[in-house]
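What follows is a short report on a single structure.
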Amino acid sequence: MNWTYQTIEREGFALQVARTNTDGPPLFWIGSALYYPRVIPRAMAEKFQITVVDQRGFAKRTNVEKEIREDYALEKLLGDFAFLQREFKIPTCPVIGHSGHGYMALSYAAKFPQSVSKLCMISTGPSHGSHMLEAEVYFQKEASDFRKTAHLENQIQFQKNLENSPQDFFIHYCVSLEAKGFYQVPFPSRKFWEGIHTNKLAFDYLFGEVFRDIDVSEYLKDISVPVWICMGKEDFQVAPHYTWETILKTFPQVKMTVIDKASHLPFLERPDVFLAELQTRLEEIKKPANFR
């Protein structure tokens, strides 16, 4: 499947955009324009016109001034996404966020409801804060000894990688979680990160503070579109699927699918199951009005 790439400069950041060359229904995917085209299954890329956009944590900086936390404020990122949706004339459509990017998609759907027909949060827990404590409990209870040993070995390698290139902290960190985030262990996930730039301050601030303290319920109160959460049953990288139960009872517009034999990237590991479930969920949506 061929993807086309383009770079748009905005407020001192070179934001990359990747798009599939199809005439299928549009999907607006938030995250990294280099990473996600590598893990989105071919069948999905052929069926939908997918636009994947960078969030600022993955964008090279064009501003010579010293970066500050305010550069990565969530409101700034949401403004980027709205700008790119207009720039590329993407109509009102489902917005997708995976892992921590699920919180960005959640925030976007709350702030720009006229631009979103459905919110899809994949492998996203209720927060990156207290709920993450349950991830370790789940891992110790359900993971095999082989998986636990592999994780310990990955942590040792993580420290070595960090000494060699500390600026790539986020990439090293994600790779170090292979035994928690992939159903198949070992898994060569570093290949997905080749050539990707990261701004450490963005991840320290957003993933370490904003998403640690996020209250998804407050956002869901402002969202009227259908919400679909998809989790891998063997995902030990984020808060496990059952930590959503209380929230699901409170918000009937939120539905969740848990996919067996899948971990943190269910669309990569179980593409047929994921795509069938996605299509079923999207068919539940009434035809949206055009994006303005």
Side-chain angles (χ1 to χ4, degrees), residues 16 31-41 54-60 72 97-103 122-125 127-212 231-241 259 261-271:
Q16 294 189 86
S32 164
L34 290 183
Y35 179 86
Y36 285 106
R38 297 171 181 175
V39 296
I40 292 172
D54 275 349
Q55 52 99 344
R56 292 187 180 196
F58 290 113
K60 291 183 179 180
Y72 304 107
H98 166 256
S99 192
H101 300 118
Y103 304 121
I122 307 170
S123 303
T124 306
S127 78
H128 269 12
S130 60
H131 297 93
M132 288 292 286
L133 298 175
E134 191 61 27
E136 186 59 27
V137 173
Y138 188 51
F139 182 67
Q140 293 302 325
K141 180 181 178 181
E142 299 292 338
S144 66
D145 290 340
F146 176 78
R147 189 179 290 274
K148 291 174 183 176
T149 298
H151 180 64
L152 290 175
E153 292 173 351
N154 288 342
Q155 297 315 295
I156 294 172
Q157 185 60 48
F158 169 60
Q159 295 301 325
K160 295 179 180 178
N161 292 337
L162 205 55
E163 292 174 3
N164 292 331
S165 53
Q167 70 277 9
D168 293 325
F169 174 88
F170 184 75
I171 293 175
H172 295 323
Y173 175 72
C174 290
V175 172
S176 77
L177 295 177
E178 283 177 352
K180 287 189 171 185
F182 287 89
Y183 185 73
Q184 173 190 327
V185 178
F187 190 94
S189 67
R190 186 170 288 277
K191 63 184 179 182
F192 298 142
W193 294 101
E194 291 177 358
I196 292 180
H197 172 83
T198 58
N199 297 314
K200 186 176 183 298
L201 180 58
F203 293 99
D204 289 347
Y205 175 55
L206 289 165
F207 287 67
E209 296 184 38
V210 177
F211 301 149
R212 176 196 65 195
M231 305 289 290
K233 188 174 182 181
E234 284 73 35
D235 188 352
F236 303 106
Q237 188 168 328
V238 296
H241 59 89
I259 298 181
K261 298 182 180 179
S263 187
H264 197 55
L265 277 75
F267 45 85
L268 174 69
E269 296 181 313
R270 300 293 305 277

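Remember, it's a predicted structure, so these values are computed and weren't measured experimentally.
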Can you tell me how far the [atom1] atom of [X] sits from the [atom2] atom of [Y], to the nearest 0.5 Å?
| X | Y | atom1 | atom2 | answer |
| --- | --- | --- | --- | --- |
| Arg270 | Ile259 | CZ | CD1 | 7.0 Å |
| Leu206 | Phe211 | CG | CZ | 5.0 Å |
| Ser263 | Phe187 | OG | CZ | 10.5 Å |
| Phe192 | Leu34 | CZ | CG | 13.5 Å |
| Ser144 | Phe139 | OG | CZ | 8.0 Å |
| Glu142 | Lys233 | CD | NZ | 8.0 Å |

Where is the tightest heavy-atom contact between [X] and [Y], given as atom of each residue plus distance?
| X | Y | answer |
| --- | --- | --- |
| Pro186 | Gln184 | O-NE2, 3.5 Å |
| Gln55 | Gly57 | OE1-N, 2.6 Å |
| Ser123 | Pro266 | OG-CD, 3.3 Å |
| Pro37 | Ser32 | CD-O, 3.8 Å |

Within the side chain of [X], is there an N or O that forms a donor-acceptor pair under 3.5 Å with the backbone of [Y]?
| X | Y | answer |
| --- | --- | --- |
| Glu178 | Ser189 | yes |
| Arg212 | Tyr205 | no |
| Arg56 | Tyr72 | no |
| Glu234 | Lys261 | yes |
| Ser165 | Gln167 | no |
| Tyr103 | Ser127 | yes |
| Thr124 | Ser99 | yes |
| Asp168 | Thr198 | no |

Identify all side-chain donor-acceptor contacts of residues 148-159 below 3.5 Å with residues at least two apart in sequence or on another chain.
residue	atom	partner	partner atom	Å
Lys148	NZ	Gln140	O	2.7
Thr149	OG1	Asp145	O	3.0
His151	ND1	Gln155	NE2	3.4
Asn154	ND2	Ala150	O	3.3
Gln155	NE2	Ser176	O	2.9
Gln157	NE2	Asn161	OD1	3.0

### Task
If the plane angle is over 60° it's perpendicular, under 30° parallel, otherwise tilted; pick one for Phe267 and His98.
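Phe267 vs His98 ring planes: perpendicular.
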Side chains of [X] and [Y]: does their closest heavy-atom pair fall under 4.5 Å?
| X | Y | value |
| --- | --- | --- |
| Phe182 | Leu268 | yes |
| Gln16 | Phe58 | no |
| Lys191 | Glu194 | yes |
| His172 | Arg190 | yes |
| Asp204 | Phe207 | no |
| Asp235 | His241 | no |

### Task
Could you walk me through whether Glu136 and Lys180 pass salt bridge (Lys or Arg N to Asp or Glu O under 4.0 Å), step by step?
CA-CA 10 Å; Glu136 186 59 27; Lys180 287 189 171 185; 2.8 Å; yes
### Query
What do the steps show when you test Tyr173 against Phe203 for ring pair (Phe, Tyr, Trp, His ring centres under 6.0 Å), and what is the final call?
CA-CA 11 Å; Tyr173 175 72; Phe203 293 99; over 10 Å; no
